[in-house]
Amino acid sequence: MVYIALWDEFVERSVQLFRANPQTSRYMMKYRHCDGKMVLKVTDNRECLKFKTDQAQEAKKMEKLNNIFFTLMARGPDADVSEVSGKEQAEPQLSKKGRRRQ
């Protein structure tokens, strides 16, 4: 079990670990509200990578990592993840006018 201190290194090594063995790789997130800490873990039963943080900014980066893993799992381990973003651009919702009492 290895805790990685740098976010970019964790993402890079996690993606490499998944691509090397996609059938047995797992990605797990654990959040403890009482401590305000989040732990991300990627393992393939032989190697285990962990990242721990208590910063809210890292939670936003975790959303991008989730999207990367969703892309790899859906499109296959050879998928290009360079265009994956943290938050997809949603179409703006049109406001709906409700019924008015007259």
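Note that this is a predicted model, so its numbers are computed, not measured.
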Can you check side chain to side chain contact (heavy atoms under 4.5 Å, CB included) on R46 and N21, steps first, answer last?
CA-CA 10 Å; R46 286 181 280 143; N21 203 352; 3.2 Å; yes
Hphob cluster co-occupancy, F70 + M29, side-chain heavy atoms under 4.5 angstrom:
no
Does K52 make a cation-pi contact with Y3 (under 6.0 Å, within 45 degrees of the axis)?
yes
Mind listing the closest non-hydrogen atom pair of D80 and R75 along with its distance?
O-NH1, 4.4 Å
Are any non-hydrogen side-chain atoms of L49 and L17 less than 4.5 angstrom apart?
yes
Side chains of M38 and F51: closer than 4.5 Å at any heavy-atom pair?
no
Acceptor/donor pairs from residues 5-16 side chains to any protein atom, 3.5 angstrom cut, sequence neighbours excluded:
from : atom 1 : to  : atom 2 : distance (Å)
R13  : NH2    : E47 : OE2    : 3.2
S14  : OG     : F10 : O      : 2.6

Report yes or no: does R32 contribute a side-chain atom to a donor-acceptor pair with the main-chain N or O of K37 at less than 3.5 Å?
no
About how many Å separate CE of M62 and CD of Q57, when rounded to the nearest 0.5 Å?
14.0 Å
Does the side chain to side chain contact (heavy atoms under 4.5 Å, CB included) test come out yes or no for L72 and R19, once each step is laid out?
CA-CA 8 Å; L72 290 173; R19 285 184 169 164; 3.6 Å; yes
L65, V39: one ILVMFWY side-chain cluster at the under-4.5 Å cut-off?
no
Those residues that, when tested against T43, pass side-chain contact (heavy atoms from CB on, under 4.5 Å) (two or more places apart)
R26, K41, C48
Compare every heavy atom of P22 with every heavy atom of A20, then report the nearest pair and how far apart it is.
C-CD, 3.8 Å
Distance in Å, T71 OG1 paired with N66 CG, rounded so as to fall on 0.5 Å steps:
10.5 Å
Quick one, I68 and F18 - any side-chain contact, counting heavy atoms below 4.5 Å?
no
